[in-house]
Amino acid sequence: MAHKILVVEDEQPLNQQLREFLNNAGYETAGAADGGAAIDVFNQYQPDLVLLDVMLPVRTGTEVCRIIRETSGVPIIMLTALTEQEDVIAGLEAGADDYIKKPFEPNEFLARIKARLRPIQFSTDAGELKIGPLVIDVAGHEVRRDGERISLTPLEFSLLQTLAEKPKQVFSREMLLEKVWGYQYKADTRLVNVHVQRLRSKIEDDPEDPKIVVTERGVGYKAGHP
Ligand code: CA
């Protein structure tokens, strides 16, 4: 079955153009033209991925992102104009998985969407992994701390799993972009920084003094020792 993509964009010609482009690429689409309708259409349509413009009437893309993330780990890609680069970080902090700059380069645009819709890779001997006080049930796609489940998006889960699988290895941001995001080409390493911060806010006792996902200064990140 074709994946369903919700396009939230208030510029009607662009919304139409994006949907036609995606339909031609084999996706089903629905559209919304403001941040209020976006939530209604999201709930009815249950998309597999959301393309979300930053500047929208009624509610901003960042607010829409935050509302969707209260109930869903669906992949969200923000659409940003060159002048909205500060909003990129706000959108990522609100829970978006990635962003794409307007105007779009069609091949890169499709590659980013495909990467977010690919199934999360499981390790072959998927069982339980431990990282600090966390237990990661890889097959069940669950993270628990003291028996209590922590709600992570699929991307946050994949990031944590990647670090936990090789506890001695330091991962550079570029390695994580390749392994977790599935990007073979140069992407914005801020994606990794913001996702690590968001992950820490969910799993660490004190996100400012992290013990589970540790920074190796000048290199990247690794799993903290128990
Ligand atoms: Ca707009």
Side-chain angles (χ1 to χ4, degrees), residues 2-118 153-156 177 180-183 185-195 197-198 201:
H3 281 115
K4 298 194 290 182
I5 299 179
L6 168 58
V7 179
V8 185
E9 168 60 66
D10 57 321
E11 278 173 61
Q12 276 304 338
L14 179 57
N15 193 317
Q16 200 56 39
Q17 188 195 333
L18 283 170
R19 290 186 59 192
E20 276 170 22
F21 179 73
L22 291 167
N23 292 342
N24 288 337
Y27 297 107
E28 283 181 25
T29 61
D34 66 61
I39 303 294
D40 295 337
V41 179
F42 176 80
N43 288 330
Q44 283 162 21
Y45 189 58
Q46 299 285 310
D48 301 300
L49 184 144
V50 180
L51 289 173
L52 186 55
D53 186 27
V54 174
M55 298 305 284
L56 290 168
V58 186
R59 279 194 195 97
T60 66
T62 305
E63 288 170 323
V64 171
C65 185
R66 198 168 288 125
I67 292 168
I68 291 176
R69 274 289 171 266
E70 284 169 14
T71 58
S72 170
V74 68
I76 299 176
I77 302 178
M78 307 295 291
L79 306 176
T80 65
L82 279 176
T83 50
E84 296 164 355
Q85 286 307 298
E86 277 172 26
D87 299 312
V88 165
I89 299 295
L92 293 173
E93 285 173 350
D97 298 290
D98 195 3
Y99 71 94
I100 301 177
K101 281 184 219 163
K102 295 189 253 187
F104 312 113
E105 197 282 297
N107 288 335
E108 191 195 345
F109 181 71
L110 275 186
R112 297 270 181 133
I113 288 170
K114 273 195 196 131
R116 291 283 60 75
L117 286 169
R118 89 205 148 114
T153 68
L155 201 67
E156 290 161 356
L177 281 172
V180 179
W181 275 260
Y183 295 156
Y185 49 89
K186 205 167 157 44
D188 187 346
T189 51
R190 291 180 304 175
L191 281 177
V192 180
N193 303 358
V194 176
H195 275 77
Q197 279 171 29
R198 227 168 64 206
S201 75

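When a ligand or atom number is given, it counts from 1 through the structure's own listing order.
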Asks: Flag the pair Arg112 and Glu108 as a salt bridge only when some basic side-chain nitrogen lies within less than 4.0 angstrom of an acidic carboxylate oxygen.
Replies: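 Judged by the 4.0 Å cut-off on N to carboxylate O distance, Arg112 and Glu108 do form a salt bridge.
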
Asks: Are the side chain of Arg198 and the backbone of Glu156 linked by a donor-acceptor contact shorter than 3.5 Å?
Replies: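 Judged by distance alone, no pair lies under 3.5 Å.
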
Asks: Does the Glu63 side chain pair with the main chain of Thr60, one donor and one acceptor, at a distance under 3.5 Å?
Replies: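 Yes; judged by distance alone, with no hydrogens or angles, the pair exists.
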
Asks: Are the ring centres of Phe21 and Phe104 closer than 6.0 Å?
Replies: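 No, the ring centres sit 6.0 Å or more apart.
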
Asks: For residues 5-12, run the donor-acceptor check on the side chains, cut-off 3.5 Å, and write out each pair with its distance to 0.1 Å, sequence neighbours left out.
Replies:
from	atom 1	to	atom 2	distance (Å)
Glu9	OE1	Lys102	NZ	3.1
Glu9	OE2	Glu11	N	3.0

Asks: Arg116 side chain to Pro75 main-chain N or O, any donor-acceptor pair under 3.5 Å?
Replies: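 Flag not set: sc Arg116 to bb Pro75 has no pair under 3.5 Å.
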
Asks: Around the Ca ion (ligand 1), list the protein N/O/S atoms within a radius below 3.0 Å, excluding water molecules.
Replies: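 Atoms qualifying: Asp10 OD1, Asp53 OD2, Met55 O.
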
